[in-house]
Chemist: 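Questions regarding the structure given below will be posed in turn.
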Amino acid sequence: MPKIKVDGQELEVAPGRKLLDVLEEHGTHVPHFCWHPGLKPHGNCRMCLVKVNNSRKLEVSCMYPCTDNLEVTTKGPEIEAARKTVMEFLLINHPLDCPICDKAGECMLQDHTYKYRHGLSRFHEDKVIKETKDLGPTVRIWGNRCISCTRCIRFTDDVVGTGELSLVNRGDHGMADVHPDVPLDNPMSLNVVDICPVGALIDKSFLFQARVWFTERIETTCTSCSRGCNVTATMHKGEVKRLQPRRNDDVNGFWMCDAGRLDIEWLKSPARLRTARGGAKDVADQLRSAAGRVGIILSTSATLEEMFLAKQLATAVNGRIGFVSLDQGTRWVSKSGFAIETDKTANRRGAATLFGKNLGFEDVTAGIHSGDLTHLVVINAIPNLAWPEDIRDATKKVSWLAVADVLESDLSTRAAVVIPSAAWAEKDGTIVNRDGRVQRLRRLHDAPGAAVSDASWLQEVLVHLGARKTVVSAEGVFREAFPGMDYGKVGNMGSALPAIATDVPANTVQK
Amino acid sequence: MDAHNPHADAHKDAHALVAHAPPGLSWLARASIAAYLPSIAAGMAKTLEWMFRPAVTLRYPEQQYKPRKGYRGEHRLKKDEQGRPKCVACFMCATACPAECITIVAEPAPWPDRDKVPAKFEIDMLKCIYCGMCEEACPCDAIELTETFTQIATTRKEKIYDKERLLKN
Amino acid sequence: MAIDRPTRLPMEIEEQTEGDLGGKRMIVNFGPQHPATHGTLRSIMEVDGEVIKHMDLEIGFLHSGFEKISEARTYNQTVVVSDRMNYLSPLCNNIGLSCAIEKMMGIEVTPRCAAIRVILYELSRIADHIVCVGLQAMDLGAFSMMLWAFIERERLYDIFENVTGARLTTSYTRVGGLMRDVPHDFKDQVKAFLITGRKTVREMENMLNTNRIFMDRCKGINKIGKADAISYGLTGPLLRAAGVPYDLRKNRPYLGYEKYDFELVTEQEGDVWARYRVRVRELYESMKIVEQAIEMLPEGPINIGDPEVVIPHKNEKNNPQGGMEGLIYHFKNYMYGHGVQPSPGEVYLGTEAPNGELGYYLVSDGTQKPWRWRVRPPSFYNYQAFPEMCKGGTISDVVSGLSSLNIIAGELDR
Amino acid sequence: MTWLWFFAKIGVALGIIFSLGPVCIMGDRKISAWIQGRVGPNRVGPWGTFQPIADILKLMMKEVIVPDGVDKVLFLGGPLIVFIAPVFGYCVIPFGNQIGEEKLQVVNLDIGLLFIMSVLSVGVYGITLGGWASNNKFSLMGSLRASAQLISYELTFGLTMLLVVMMSASADPLKSASVDLSKIVLHQAEYGWNIFGGATWWGLPSGLIGFVLLFTCAMAENNRLPFDMAECEAELVGGYHTEYSGMGFAMYMFSEYCSMILSASLIVTLFLGGWSFPYLTDPADHSFLAGVISIGVFFTKICIILFLYIQLRWTLPRFRYDQVMSLGWKTFLPLALVNIGYMAVIGVFLEKP
């Protein structure tokens, strides 16, 4: 293990690691543009210069390997002067675009200029003009702003493996660009926007939507597939404006897919259910009278808490429970191993944990067709779910139907009781990803109209039925379900799924 | 502190008052202070003199006060050479505004040479405190405080100035 | 000081004696709405005939939450809040606040900026004192005096308007400098004012100094002794009228006040008359300072050169100068969560405002917004000594005493 | 014919009081404006001359607010009492020389001076009752102050009137020792104004002091500024009329100006020779023209006194209540007594009639 000295402080590092990696890990901040922890180092921006004892000149720390007895100095007039000069060069051709650039406020160039470049520009010549164009369906490039750090190029080359982007032209005319007729159109394309240290690459869906310094950021989890990527939601005036991946090496690394990122439009869709027809009391009355003849169909996008409560409900009315889930497309794996799952529901693993491996709805529909079941409760959290014909037929057959859904469907128009559900962004809860990791969903904004979270109306029904005492928060339900656990222990990064409470009534799903 | 009793000491005799008179006055002046009449006469002379001074007030609707350039009155959105609003919807004014009275919604520009324009630019003049920080914060020289300070409206809605109203100013 | 009985809540007094005079004492309220209060404050007096036996004070009617509002504003934005605290001399508040922030950040303003600030500070003091003296006369019935004072005050406001762009809500200072430079004819304007101002002050002095009725109403009224004044924390003209030579411009100079030649005005009696004399004599001293400052007004920049604190100048097209760097500094200075972020710590700076020590106590947690923004307003401390001053006087003395305190309800309640 | 004259005289007397009243209000506002470097009312009519009419119309149309817990009869009656007093007082003021056989005086009372004294004291009832009835501490204090102050100054007032009577008595036994106001004026027209000591040179100091005393006491009786203890807007908010609005307030305000006019007339009558003016009026000339001229002279003199009132109001600060009282009792009363003593002693020993 080589030993190095950083600003007089001794460190022991694994051999072969790059210096900047170690420094960042150690907490010594060294400014950089082209280096990104998820990408291979390139060493072109020259911002991460440090002084080492092995060399007379300043060295680029992102490319410098740690060797034994290396002494590193990260501060000092020499280094500052070098940084200042690098900054000045980077800025001479940068357009005065802060007013119209969406990156302003989270822009590394701004931050580093403020911190490391003291002084005003001495550049009087005309700036180089580069083009502004769409790189693909999702990303637009302002060539003028590009500082040729090649982060995006390395991303498409090394992470995605599609390699659409490359650096065109030389010197101060250089900018990232796509090959003609090959648009930047891969399932992870929008990650280049996040890693762009300046505002050259812009997400077209977020273009001019909000200034980032007005926004609020909330850490939550993506529900678009069973991977459960950790994301940060950018909130502005009570709306989710965008989702960005949040680093979690155990789940998604630094990235997320475009599909999950853009799957926020339906939250404010006019098709959202906003008004209730009937309520928890009606459901409770009907189910009480029909005890033993009740079927419950639950989507595997429901949170753990909702599943737990649905299970309680099934026990209370001696009903059968069935599941509906959604599989789409084929599994896509990037060059670096980032996969997009076919299972588009967020919590199938959680359902499997609570209810066993067999997660079908055939048991319920068969019961309905045979006439055993006359009452059906459908609880769905999957947007635009194409309902299986079997369920559709079954809903037509039952004598009483209750639907809790996020979007309008033919089921909800037909139902006797309709309860508008809060979508994933409107409720607290936990979901379990395909690897069995419990992760938090956080309430980002208010639910539309009269929509309530499934956890709360299910509890109300249970209270009416006498199966519960009171209505508690989602966290309260979670504590009931998993004794000794709470949201604090789940944390922002998730944790392993704990054991479920043993005193919960046995699984009533009849097989 | 000794609570003084006005009934006991408020009425000092003339000597005491003379003793209190400001220093540097002639004995004649000191003595005359003791009596009411001379100072009253002097005061009357002064008020009489003021009666013949010209009035300093303005007769408002006919005579208008013209503030000098640099007065912080109503806002104006400036136009560029082609008559388009100069504003690029950078939100700097809204950020700098201590009263939070500026509402902007941005949209992509319909012109090839511009990227971003305000789709909506509203200033709630009832919230505005006319501090001029928006003008100071504007990096594009697009907003300006004019010398207009007479502002009349009959409804609250009128005082929410939209983009067209601000461009007209 | 012996307070002869425990302070009671105003409501308790009301209950004890309301409707039960029986030859006993009566409760009279001055304020919250009363012509003599010049603001929204309340003095509850227990009177025997017209003689005040006990007085309680109540404040908070004008509570605007200035301090709390400021905690949600950036350092530069709090200037507009400080305007509204003392509505007789807003520039003093602006300057005091900016000086406090600069002290916290270790910034030294340019000589031109300091001189302009001194001139405006003293002109504000003149505006404040002149109106205070006028209002004192008005409260005693000489209404014309008040308007003459206001005419002079309006001349000063004309200067303020030309300099800052607003008559009252000046918001002129910024951290590290000023909002903009003074106009080219500033010197002439100030000089012209000094001539008319002196004349008006002399005129007012002539009217009041030898006026027997005015003297009767002022001498020996609302007396407070040296020791009491100090122990109550009185500052400004009230303290100096009690014979204590304490003036922050002399004792703890800021903005280079030590360079100016002026006299520390004191009177001995500690009564309304002494306060009136101190104010009038300070008017002349302030004019002396303004005269010196306007003579030596140095050329040069008004803002410090550090673009990380002060946004870069705008060029002739009014765009931020300094190319990309200038624009970035400009943005960084304004965006939430960026810009001027003093390192964690706290600062107190007192300046000698017209009514006394106007102190700003700021605590920074290292963010762009102050964690705590506290004001030590002179009126708040001056007002608490009022019951002691009034005890034993008549209702009429309350009026003359209140106007001599020059309570500004805006800064009283913050 | 007699009735015609009677009504004509009533007309002139009421005309003076009711036309001068608004003029006085207007004058107060205009003169204060000029003194303070303002323009004053200038919107209604030419140069704002119709402003008082607008004021009165406005006040008439305003709601008369009766606060809770007031004695309604007294609350509404107070303004009436205070308003009646000066109008009654005006009955005996000679506002001109004789025209033919008719004296220009509504009622030629032999005891005119006493009548005025008694009528003037009625006014304080209106103030006191109105203030008391308002159920407001400030009003109560104002009315208490008013009653105490009026009583205090009435003494000096009376003594000064006595001085006038003594002065009138000093020369001609035929026109002597009268409390008849018209005789007092005639005496002054014949022998010289009382302010200058009447008929004798040694009366000059006495006359001057008497004039100042009467002027000051009249001011105190009218609650004008240096003595406006009863209103005292800086201390008592509005004193006795704090709770009044609309017509009640209008009557209080108007009656203040009316009593100003009455006391101005009284001062003119007692000290400034009434309707007479050297070389302009001739007491013996009873022609119509001379009568009109004498009315004009009288009117002009009143206006000058009123102007002084108004100017003083906008010049001086006000006394404190106890200072007013001690000024009245400790300064004015002794001074008036000494003055009378001087007049009596010198008059008796030097100028035996």
Side-chain angles (χ1 to χ4, degrees), chain A residues 91 94-107 109-110 113-114 120-121 126-127 129-135 137-146 175 193 198-216 234-239 241-242 268, chain B residues 75-82 84-124 127-128 132-145 160 162-163 166-167:
Chain A
L91 288 167
H94 200 86
L96 276 68
D97 264 3
C98 294
I100 54 168
C101 176
D102 277 334
K103 201 81 174 184
E106 52 182 13
C107 173
L109 194 68
Q110 278 188 338
T113 305
Y114 191 70
L120 299 177
S121 180
D126 289 336
K127 298 196 176 212
I129 306 290
K130 290 176 268 188
E131 62 186 325
T132 302
K133 64 176 187 183
D134 285 351
L135 289 183
T138 51
V139 180
R140 191 168 165 79
I141 186 166
W142 269 260
N144 286 336
R145 301 177 191 159
C146 181
M175 66 180 265
V193 177
V198 291
L201 297 164
I202 293 290
D203 177 355
K204 282 205 270 185
S205 72
F206 185 62
L207 182 69
F208 304 155
Q209 289 293 306
R211 297 304 261 174
V212 292
W213 61 86
F214 286 120
T215 59
E216 187 193 354
T234 302
M235 305 294 302
H236 183 56
K237 289 185 179 169
E239 271 183 22
K241 286 291 180 189
R242 65 174 176 190
K268 39 189 183 201
Chain B
H75 303 70
R76 167 200 293 151
L77 275 182
K78 289 195 193 171
K79 294 176 187 168
D80 61 5
E81 304 80 45
Q82 298 173 46
R84 310 173 302 192
K86 267 179 147 181
C87 175
V88 298
C90 73
F91 288 70
M92 270 293 111
C93 49
T95 314
C97 179
E100 291 164 17
C101 66
I102 306 179
T103 314
I104 307 174
V105 174
E107 66 179 4
W111 314 296
D113 58 331
R114 298 262 301 267
D115 279 317
K116 192 180 179 188
V117 290
K120 185 172 121 182
F121 193 107
E122 275 182 6
I123 302 184
D124 188 340
K127 277 190 194 170
C128 178
M133 288 200 180
C134 47
E135 184 182 3
E136 206 175 306
C138 184
C140 303
D141 187 25
I143 193 166
E144 183 181 56
L145 266 61
I160 298 173
D162 58 5
K163 192 169 69 175
L166 288 165
L167 283 167

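To find a chain, count down the sequence lines: A is the first, B the second, and so on, and within it residues start at 1. Side chains are part of it too, since the values below use all heavy atoms of this structure and drop only hydrogens, waters and symmetry mates.
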Chemist: Using non-hydrogen atoms and a 4.5 Å limit, figure out which bit of A/Lys204 sits close to chain B: side chain, backbone, both or neither.
Modeler: neither
Chemist: Heavy atoms only: give me the nearest A/Phe208-B/Asp115 pair and the separation to one decimal.
Modeler: CE1-O, 3.3 Å
Chemist: Measure the CG-NZ distance between A/Asp97 and B/Lys116 for me, rounded to the nearest 0.5 Å.
Modeler: 10.5 Å
Chemist: Under a 4.5 Å heavy-atom cut-off, does chain A meet the side chain of B/Ala94, its backbone, both or neither?
Modeler: both
Chemist: Hey, is CG on B/Asp113 packed in by over 12 heavy atoms from elsewhere, all under 6.0 Å?
Modeler: yes
Chemist: If the test is side-chain contact (heavy atoms from CB on, under 4.5 Å), which one of A/Cys101, A/Cys98, A/Pro99 qualifies with B/Cys90?
Modeler: A/Pro99
